[in-house]
Amino acid sequence: MLILECPCCGVVGEETEFAGGGEAHLKRFGPGSSEENFHDYLFAKENPKGVHFERWRHANGCGKWFHAARNTVTLEVYGTYSAQTYEPPQEIKDKVSAKVPGWSWREFA
Amino acid sequence: MKRYSAFAVAREALGNHMGWERAWASPEPKKKYDVIIIGAGGHGLATAYYLGKNHGITNVAILEKGWLGGGNTGRNTTIIRSNYLQDPSAAIYEKARSLYETLSQDLNYNVMFSPRGVMMLAQTQHEVRGYERTAHANALQGVKTEFITPARVKELVPIINLDGPRYPVLGALWQARGGTARHDAVAWGYARACSAMGMDVIQKCEVTGVRTVDGKVQGVTTNRGDIDCEKLGVVVAGHSGHVADMAGFRLPIESVTLQALVSEPIKPCMDVVVMANTVHGYMSQSDKGEMVIGGGTDGSNNYTQRGSFHHIEETVRALVETFPMVSRLKMLRQWGGIVDITGDRSPMLSKTPVENMFINCGWGTGGFKAIPGSGWGFAELVAKGYSPLTEEFGIDRFKEGRFIDESGAAGVAH
Ligand SMILES: Cc1cc2nc3c(=O)[nH]c(=O)nc-3n(C[C@H](O)[C@H](O)[C@H](O)COP(=O)(O)OP(=O)(O)OC[C@H]3O[C@@H](n4cnc5c(N)ncnc54)[C@H](O)[C@@H]3O)c2cc1C
């Protein structure tokens with residue numbers, strides 16, 4: 001069973017306490033952007049077989065949003081971190097690199 | 001290919017059943033094909049079959065990384081119905097359902113299509129209105145469905161508890177010609193027919209790269225060497241994003257695990273398929289007597305084919321509410337498949353940014369029922385560049401805002 005630690009309130013809980021919110025670190029494109037960028041922002045998914053950065057909400061807890069780095073094949077959680085960031089903290093990236101050398105993600109923004 | 005028949009059974013009995021030939025060949029890959037299909041699930045095999053049968057293209061290879069039918073096709077709960085809401089969906093699902101009616105004869109392989117009737121329970125006022133709307137839409141589309149009363153539900157399913165503790169049954173959407181079929185047999189039947197037409201079904205052949213020249217597909221890289229092709233069809237369900245990535249584009253798809261379970265076999269107790277979308281579970285009885293049960297998808301992306309435990313709990317709780325006798329059954333097996341979910345819960349049968357590379361994916365939790373229709377339409381798209389069946393299902397619909405919203409019809413995973 002998936003166990004996550006909420007970086008907002010510090011509670012360690014199992015999956016049913018949280019609600020998944022999909023891919024993280026989306027770069028927003030709004031009015032005035034190209035069709036291509038707007039489409040990709042809304043619809044195109046990384047959906048990797050491997051390292052995934054994603055949003056979660058501590059739905060049955062403090063109610064706040066946060067981010068997690070997780071492996072979609074092994075289900076290993078590399079860490080959770082604040083949602084107030086454009087990219088994962090270096091410490092999380094290092095942990096991921098140690099386990100999955102050569103992992104990739106579209107440009108962080 | 002020797003045909004299967006009652007006469008053949010008698011003939012082979014005389015020879016102690018030593019004379020049956022292999023159902024399909026296991027050839028080595030050639031250097032080049034007219035068309036390569038990646039993925040020997042139902043949709044990939046059906047595509048190849050109709051490429052040969054309807055369009056005369058038989059220089060075809062179907063490449064499968066595992067064993068044929070070992071993906072979602074061999075893991076699903078086999079519900080077949082066509083009571084969707086939108087016109088493009090009704091067209092392709094009803095085409096599929098009608099092809100299922102004669103598929104055994106067509107393939108000379110018993111796919112055990114059993115049009116026993118599919119019932120979708122309405123357990124909230126919202127659902128009642130939704131299904132009444134679907135029944136009206138289906139009437140206009142020429143798909144025969146009706147909205148039935150709780151009394152009729154009880155008549156068709158005596159083991160049901162109509163006044164469930166949380167959600168009483170207020171009626172149901174009933175499609176009498178929906179039902180089930182044997183999932184493996186669908187894959188095997190198509191594979192045998194493809195092999196008989198001279199196509200190469202190549203198992204244990206994983207595609208690891210897509211080669212392009214000037215934006216045009218040239219071939220694929222596999223664990224058994226490079227293979228060239230004129231046209232490439234990608235039909236890999238949960239791995240669609242992964243293969244698209246090899247060709248350098250992203251898809252509006254997320255992969256999650258959907259699971260199912262079966263009980264110990266018991267005597268016949270329910271001869272229709274029942275889906276309960278509000279409490280989130282569905283059930284039918286297999287010919288062996290097992291209760292075949294399914295429910296919700298995982299809440300986060302994954303490629304595990306295992307599934308999270310609390311979803312089993314949720315599904316079983318829903319079924320115990322709906323069919324109290326289930327509480328005394330032992331569950332025998334549980335498994336998962338990686339389903340490919342799009343934002344509007346409709347599939348994509350489409351050209352791609354790479355010329356001559358086509359993709360058929362996004363069937364998500366409900367594509368078994370669509371296999372013959374999808375293969376029919378996708379083969380036409382690959383052969384001619386256009387098919388009326390697949391026209392509305394292009395990848396571009398997201399950019400253009402032409403969603404085919406089936407989140408109501410596909411609400412519970414099936
Ligand atoms: C538990 C469960 C229950 C379901 N219940 C129903 C139901 O009741 N009714 C219904 O209509 N639908 C149901 N579905 C959905 C249905 O199973 C799928 O939509 C359908 O089987 C998809 O078929 P496919 O041929 O597209 O994919 P698959 O059968 O998954 O075939 C894709 C194949 O591609 C292969 N592949 C992937 N990557 C590569 C690669 N790189 N190289 C070579 N080969 C590759 C895979 O090994 C796989 O065999 C259910 C699904 C699940 C998981």
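Remember, it's a predicted structure, so these values are computed and weren't measured experimentally. Chain identifiers are assigned alphabetically (A, B, ...) following the order of the sequence lines, protein sequences preceding nucleic acid strands; residue numbering begins at 1 within each chain.
By the neighbour-count criterion of 12 heavy atoms within 6.0 Å, atom CZ of A:Arg28 is sparsely surrounded, having that number or fewer from other residues, nucleotides or ligands. Around the CH2 atom of B:Trp67, the shell of radius 6.0 Å holds no more than 12 heavy atoms that belong to other residues, nucleotides or ligands. Crowding of A:Glu76 atom CD: a count of heavy atoms from other residues, nucleotides or ligands under 6.0 Å exceeding 12.
No side-chain heavy atom of A:Lys45 sits under 4.5 Å from any side-chain heavy atom of B:Pro252. Counting heavy atoms from C-beta on, the side chains of B:Ser300 and A:Phe18 never come closer than 4.5 Å. The closest side-chain heavy-atom distance from A:Phe43 to B:Ile253 is not below 4.5 Å. Taking 4.5 Å as the limit, some side-chain heavy atom of B:Thr304 sits within range of a side-chain heavy atom of A:Leu75.
For A:Thr72, there are no side chain to side chain donor-acceptor pair (under 3.5 Å) partners two or more places apart in sequence or in a different chain.
Using a 4.5 Å cut-off between heavy atoms, B:Asp245 makes no contact with chain A at all. With a 4.5 angstrom heavy-atom cutoff, B:Leu251 touches chain A only via backbone atoms. Interface remark: A:Glu14 contributes no atoms to any contact with chain B (heavy atom separation under 4.5 Å).
Salt bridge absent: A:Glu35 and B:Lys399 never bring a charged side-chain N and a carboxylate O closer than 4.0 Å.
Smallest separation of non-hydrogen atoms from A:Lys49 and B:Lys65: NZ-NZ, 4.4 Å.
To the nearest 0.5 angstrom, A:His39 atom NE2 is 9.5 Å from B:Glu400 atom CD. How far CD of B:Glu254 is from CD of A:Glu46: 10.5 Å, rounded to the nearest 0.5 Å.
In terms of non-hydrogen atom pairs under 4.5 Å with chain A, the most contact-rich of B:Ser308, B:Ser255, B:Ala244 is B:Ser255. Considering only heavy-atom pairs separated by less than 4.5 Å from chain A, the leading option among B:Tyr303, B:Phe249, B:Phe398 is B:Tyr303. Each of A:Gly21, A:Pro48, A:Gly50, A:Ala19 has some count of heavy-atom pairs under 4.5 Å with chain B, and the biggest count is that of A:Pro48.
Within residues 1-9 of chain A, the residues having any heavy atom under 4.5 Å from a heavy atom of chain B are, by residue number, A:Met1, A:Leu2.
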Begin from the C-alpha positions of A:Arg70 and B:Asn301 and carry the test side-chain contact (heavy atoms from CB on, under 4.5 Å) through to its verdict. CA-CA 10 Å; A:Arg70 194 177 54 95; B:Asn301 291 32; 4.2 Å; yes
